[in-house]
Amino acid sequence: MWTPPTDAHSKPVTIIGAGVLGRRLATLWSSTGRPVNLYDPSLPALESATAYIADALSTYCSEQGTHPGHVHFTTSLHDPSIANSWMVIEAAPEDLDLKISIFGRLDRMLHKSTIIATNSASFRSGELVSEVRNRSRVLNTLYYIPPRNRCVEMMSCGYTSPELIAFLRAQMEEMGMLPMVVGNESTGLIFPRIFGALKRETLKVLSSGVATPTEIDTLFTDFFGAKKGPCAMMDVVGLDTVAKTERHFLAEGRGEEGEGLGLELEGRVPEYLAWLEEEFVERGRVGEKSGEGLLVGREKGGEGNGGGKHKPGEEVWQEPAVDLSGL
């Protein structure tokens, strides 16, 4: 039986992973004076995140008229401040075994009332609880580009306490977020499934040479009045994360009809996915976090071209982290 913490405003929120999304989550949760812990095993990742948060947090608080809370950085999962958290949000790479291990460790070390959430869109939280005893405190919380985007999708792991959902929803609303509860367990939750269809067709158009990334995004933004098109959004997400997520969706039958159900076992890879992996992921051209992708870095050598060299201090984890979070 899950019982709510009595001091959610004074106890910290801990973020696991200091990558693209982790640092944004730290900025969001600390923007109203709440304390935050940011954990990552990589010191360079924490140093990079520190610089980002120092700038982003002050700017966001100034815009919102709020005061920042203290952000504590640590490379130790056994840091006492983590054990004192009222909620831990996992934003590690989209690796199932890694996430299962993290959830098991967190369950063993945290108080029973501490909420354990995953930001993954690829994996249902119900897939991550095989080593968790206190499953009533586990759920998906899918953020997009915090603090800019306010929507958060919440989804039960199949065991999540209804009281926890209500409690966390109230905390998020107090923060100015717009939480939405997914009606049934769903791989991809809500928006990632919708975006997945757009992303899949975009990759097919690109891989068959029908159009360039610039042409696709120009058509999209002109028609919908959006700030970014699908190619720019995939660069933000990370093309490696896009590929991993697509493989997982296809394996679960979420891809195009006839292509799913057992993709990993059968070894069949659709042409558009093979193109993405061979031309971009395997060459280290994974979008904004590498400096080159479908659109990023195109001015240096044509659309989607480049050497794919890693920058100093780049996150070791290559977190899914993602603005659209693993879409």
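The analysis underlying the following values was restricted to heavy atoms, covering all of them including side chains, and did not include hydrogens, waters or symmetry mates.
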- Among the clusters formed by ILVMFWY side chains lying less than 4.5 Å apart, do M233 and L189 turn up in the same one? yes
- Message: Quick check against the 3.5 Å criterion: does N134 have a side-chain atom that pairs as donor or acceptor with the backbone of K112?
- Response: no
- Task: Using modelled atom types only, decide if a donor and an acceptor are shared between the side chain of S62 and the backbone of S58 within a distance under 3.5 Å.
- Result: no
- Show your working on side chain to side chain contact (heavy atoms under 4.5 Å, CB included) between Y143 and R24 and close with a plain yes or no. CA-CA 10 Å; Y143 300 77; R24 289 177 176 272; over 6 Å; no
- When you measure from the side chain of S186 to the backbone N and O of G188, does any donor-acceptor pair fall under 3.5 Å? no
- Note on the structure: All heavy atoms of F220 vs all of A226, minimum pair found to be CE2-CB, 3.9 Å
- Task: Classify the side-chain pair N140/T118 by whether it contains a donor and acceptor separated by less than 3.5 Å.
- Result: no
- Is a side-chain donor or acceptor of D40 paired with a backbone partner of G17 at a separation under 3.5 angstrom? no
- Might you point out which heavy atoms bring L250 and P270 nearest each other, and give the distance in Å? CD1-CG, 3.7 Å
- Ignoring hydrogens and angles, tell me if any N or O in the side chain of T245 forms a donor-acceptor pair with the backbone of V242 under 3.5 Å. no
- Item | Backbone of S81 reached by a side-chain donor or acceptor of D79 within 3.5 Å | yes
- Residues two or more places apart in sequence or in another chain: which of them pass salt bridge (charged side-chain N to carboxylate O under 4.0 Å, His left out) with D107? R137
- Do R23 and T50 have a side chain donor and acceptor closer than 3.5 Å? no
- Query: Would L178 and I145 show up in the same hydrophobic cluster when neighbours are defined by side-chain heavy atoms closer than 4.5 Å?
  - Reply: no
- Note on the structure: Rounding to 0.5 Å, atoms CD (E271) and CD (E278) come to a distance of 10.0 Å
- Message: Closer than 3.5 angstrom, by distance alone: can the side chain of T59 be matched with the main-chain N or O of D55 as a donor-acceptor pair?
- Response: yes
- Task: Evaluate the side chain to side chain contact (heavy atoms under 4.5 Å, CB included) criterion for residues Y272 and T202: first the C-alpha distance (whole Å), next the side-chain angles of each, then the deciding distance (0.1 Å), finally the verdict.
- Result: CA-CA 9 Å; Y272 68 91; T202 297; over 6 Å; no
- Determine, for F249 and K199, whether the Lys NZ or Arg CZ falls below 6.0 Å from the six-membered ring centre while staying within 45 degrees of the axis. yes
- Task: Report the C-alpha separation of D217 and C231 in whole Å, then their side-chain angles, then the decisive distance to 0.1 Å, and conclude whether the side chain to side chain contact (heavy atoms under 4.5 Å, CB included) test is met.
- Result: CA-CA 6 Å; D217 278 23; C231 296; 3.3 Å; yes
- So does Y52 have more than 12 non-hydrogen atoms from other groups sitting under 6.0 Å from OH? yes
- Group every Ile, Leu, Val, Met, Phe, Trp and Tyr by side-chain heavy-atom contacts under 4.5 Å, then state whether I165 and F167 land in the same group. yes
- Residues N119, L142; criterion side chain to side chain contact (heavy atoms under 4.5 Å, CB included); working and verdict: CA-CA 5 Å; N119 187 71; L142 179 60; 4.2 Å; yes
- Item | M180 and M154, any side-chain heavy atoms less than 4.5 Å apart | no
- Item | Pairing of E277 and R247 as salt bridge, 4.0 angstrom limit | yes
- Message: Within the structure provided, determine whether L21 and P146 are in side-chain contact (heavy-atom separation under 4.5 Å).
- Response: yes
- Which atom of L98 lies closest to which atom of P93, heavy atoms considered: CD2-CD, 3.6 Å
- Message: Show, in sequence, the C-alpha distance, side-chain angles and deciding distance for H78 and S76, and conclude whether the side chain to side chain donor-acceptor pair (under 3.5 Å) test is met.
- Response: CA-CA 5 Å; H78 297 289; S76 173; 6.0 Å; no
- Task: Apply the test salt bridge (charged side-chain N to carboxylate O under 4.0 Å, His left out) to residues D240 and K289: give CA-CA distance (whole Å), side-chain angles for both, the deciding distance (0.1 Å), then the verdict.
- Result: CA-CA 10 Å; D240 52 341; K289 59 187 173 184; 3.2 Å; yes
- Using 30° and 60° as the class limits, which term best fits the ring planes of F191 and F195: parallel, tilted or perpendicular? parallel
- Item | Evaluation steps, side chain to side chain donor-acceptor pair (under 3.5 Å), between E163 and S161 | CA-CA 5 Å; E163 289 76 17; S161 166; 2.7 Å; yes
- Task: Answer yes or no: is there a donor N or O on one side and an acceptor on the other, between the side chain of Q64 and the main chain of T66, under 3.5 Å?
- Result: no
- Contact check, side chains of L239 and M234, non-hydrogen atoms, under 4.5 Å: yes
- Query: To the nearest 0.5 Å, what is the distance between NZ (K244) and CG (L273)?
  - Reply: 13.0 Å
- Item | Side-chain heavy atoms of E90 within contact of I116, under 4.5 Å | no
- Single-linkage hydrophobic cluster V132~L96, side-chain heavy atoms < 4.5 angstrom: yes
- Task: For residues A8 and Q171, report the shortest heavy-atom separation together with the two atoms involved.
- Result: CB-OE1, 3.9 Å
- Message: With a 3.5 Å distance limit and no angle check, can you tell me whether T114 reaches the backbone of S85 through a side-chain donor-acceptor pair?
- Response: yes
- Query: Of the non-hydrogen atoms in T141 and A117, which two are nearest, and what is the gap between them?
  - Reply: OG1-CB, 3.4 Å
- Does the distance from a Lys or Arg side-chain N to an Asp or Glu carboxylate O, for E94 and K99, drop under 4.0 Å? yes
- Task: Flag the pair T160 / S136 as yes when at least one side-chain heavy-atom distance between them is below 4.5 Å, and no otherwise.
- Result: no
- Message: Do H111 and W86 have side chains that approach each other closer than 4.5 Å (heavy atoms only, starting at C-beta)?
- Response: no
- Query: Heavy atoms, side chains only, cut-off 4.5 Å: are V88 and L110 in contact?
  - Reply: yes
- Message: Can you pull out every salt bridge (charged side-chain N to carboxylate O under 4.0 Å, His left out) where at least one residue sits in residues 170-180? Sequence neighbours excluded, please.
- Response: R34-E174, R169-E173
- Message: Just to verify, which of I16, I115, V13 counts as forming a side chain to side chain contact (heavy atoms under 4.5 Å, CB included) with I89?
- Response: V13
- Item | Nearest non-hydrogen partners of L46 and A18, listed with the distance | CD2-CB, 3.8 Å
- Side chain S30, main chain P35, donor-acceptor under 3.5 Å: no
- Connected via hydrophobic side-chain network under 4.5 Å: F280 and V210: yes
- Query: Is there a side chain to side chain donor-acceptor pair (under 3.5 Å) between T3 and S113 once you walk through the steps?
  - Reply: CA-CA 6 Å; T3 56; S113 67; 5.2 Å; no
- Note on the structure: OG1 (T75) and CG (L43) are apart, to the nearest 0.5 Å, by 7.0 Å
- From W275 atom CH2 to L203 atom CG, the distance as rounded to the nearest 0.5 Å: 6.5 Å
- Task: Give, for atom CG of L198 and atom CZ of R193, the distance between the pair rounded to the nearest 0.5 Å.
- Result: 15.5 Å
- Item | Distance (rounded to the nearest 0.5 Å) between I53 CD1 and L28 CG | 11.5 Å
- Task: State, yes or no, whether a side-chain contact exists between I82 and M109 at a heavy-atom distance under 4.5 Å.
- Result: yes
